[in-house]
Amino acid sequence: MLYVACEGESTEPDYLQYLNEQFGDGDGRERQPFRIQPVYRKNGMTPSQVVEAARAAAAEDEAWAVFDRDRWDDIAQAIKVAAESQIELAFSHPSFDLWLLLHFQAFSGAQSGSSKNVVDKLRQAAGPFRDYDKRGDKSIKGPRRDALKGLEHKAVARARSLIASCPQGECAPARTEPDRAGRDAQPLPSNQWAARSGHAQDCPILRRDPSTDVWCLLVALGIV
């Protein structure tokens, strides 16, 4: 059992439930059975609240915090507390929507923390997502969930390509988070860059260009 606290109240928990249903039984060989317990709240949480929710729910079990770069100002504090509490992070830049888009196509280019372009492209990439985030519907159920099936390895490959394309060799690990004006802020505390599975060298948490570390969670579970 592992606990995953989520910023969002529908998209991330729906996707985690999909992982449970699709992969949770394991294969009896390379992939061991697992069960993810999503932790979320109505109307969502800030990154610091996500980390605290993961810590409170997990007790001695493995805990993850999933949150976006997006519009938040408390990311540095959230990462500091996560490091002190041995909570793993799955960080999306600019948003979890990028991870969904990478199932269907590659994407690059700095978004300055905004997910608008990502959502627009996701709506165009697959029919079931054409009304995604319209009227507040960001669920991952039914046809949307079905559209993602079997594309996990492509999403991971595209995420790796994003990391590899970071300019000036600052992909692993970049220790600063730019402020809203694009200037370098104070260095962030070091954290476990990935799961305890030993793939830390593959999963930097923060970088200047948009990318996603959500796939670190899949690596930890042995899905990819």
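Note that these values count all heavy atoms, side chains included, but never hydrogens, waters or copies made by symmetry. We count residues from 1, following the sequence as given.
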With sequence neighbours excluded, residues passing side-chain hydrogen bond (donor to acceptor under 3.5 Å, both in side chains) with [X]:
X	answer
Tyr18	Glu152
Asn20	none
Ser10	none

Item checked: Residue pairs passing the ring pair (Phe, Tyr, Trp, His ring centres under 6.0 Å) test where at least one lies in residues 115-134, sequence neighbours excluded -> Phe104-Phe129, Phe129-Tyr132
Could you tell me which residues satisfy salt bridge (charged side-chain N to carboxylate O under 4.0 Å, His left out) with [X], sequence neighbours excluded, listed by chain and number?
X	answer
Arg145	Glu21
Asp146	Lys149
Glu52	Arg55
Asp68	none

Kindly indicate whether the side chain of [X], heavy atoms from C-beta on, has any atom under 4.5 Å from the side chain of [Y].
X	Y	result
Leu98	Ser92	no
Leu2	Trp64	yes
Val4	Val39	no
Asp74	Val81	no
Ile87	Glu62	no
Val66	Trp99	no

Note to self: Suppose we screen for side chain to side chain contact (heavy atoms under 4.5 Å, CB included). Which residues come up paired with Pro128, at least two apart in sequence or across chains?
What the structure shows: Ala126, Pro143, Arg144, Ala147
Item checked: Aromatic ring proximity Phe96/Tyr15, centre distance under 6.0 Å -> yes
Next item on the list: Return each pair, listed once, that meets salt bridge (charged side-chain N to carboxylate O under 4.0 Å, His left out) where at least one residue sits in residues 6-19; pairs must be two or more places apart or across chains.
Entry: none
Item checked: Pairs touching residues 40-50 that satisfy salt bridge (charged side-chain N to carboxylate O under 4.0 Å, His left out), sequence neighbours left out -> none
Taking all non-hydrogen atoms of both residues, which atom of [X] and which atom of [Y] are closest, and how far apart?
X	Y	answer
Val51	Ala78	CG2-O, 3.6 Å
Asp97	Leu122	O-CD2, 4.2 Å
Ser115	Pro94	CA-CG, 4.0 Å

Checklist line | side chain to side chain contact (heavy atoms under 4.5 Å, CB included) evaluation trace for Ile36 with Leu19 | finding: CA-CA 8 Å; Ile36 300 172; Leu19 294 182; 4.1 Å; yes
Sub-3.5 Å donor-acceptor pair from the side chain of [X] to the main-chain atoms of [Y], do we have one?
X	Y	answer
Arg158	His103	yes
Thr46	Gln49	yes
Asp61	Ala63	no

Could you grab the distance from atom [atom1] of [X] to atom [atom2] of [Y], nearest 0.5 Å is fine?
X	Y	atom1	atom2	answer
Ser139	Asp133	OG	CG	10.5 Å
Gln105	Lys154	CD	NZ	12.5 Å
Leu102	Phe107	CG	CZ	9.0 Å
Leu16	Ile140	CG	CD1	11.0 Å
Leu151	Leu100	CG	CG	11.5 Å

Check: Quick one: do Tyr3 and Leu89 end up in the same hydrophobic cluster if we chain Ile, Leu, Val, Met, Phe, Trp and Tyr together by side-chain heavy atoms under 4.5 Å apart?
Finding: no
Check: What's the verdict on side chain to side chain contact (heavy atoms under 4.5 Å, CB included) for Phe67 and Phe91, showing C-alpha distance, side-chain angles and the deciding distance?
Finding: CA-CA 5 Å; Phe67 56 82; Phe91 178 85; 3.4 Å; yes
Next item on the list: Using the side chain to side chain donor-acceptor pair (under 3.5 Å) rule, collect all pairs that involve residues 119-130, keeping only residues at least two apart or in two chains.
Entry: Lys116-Asp120
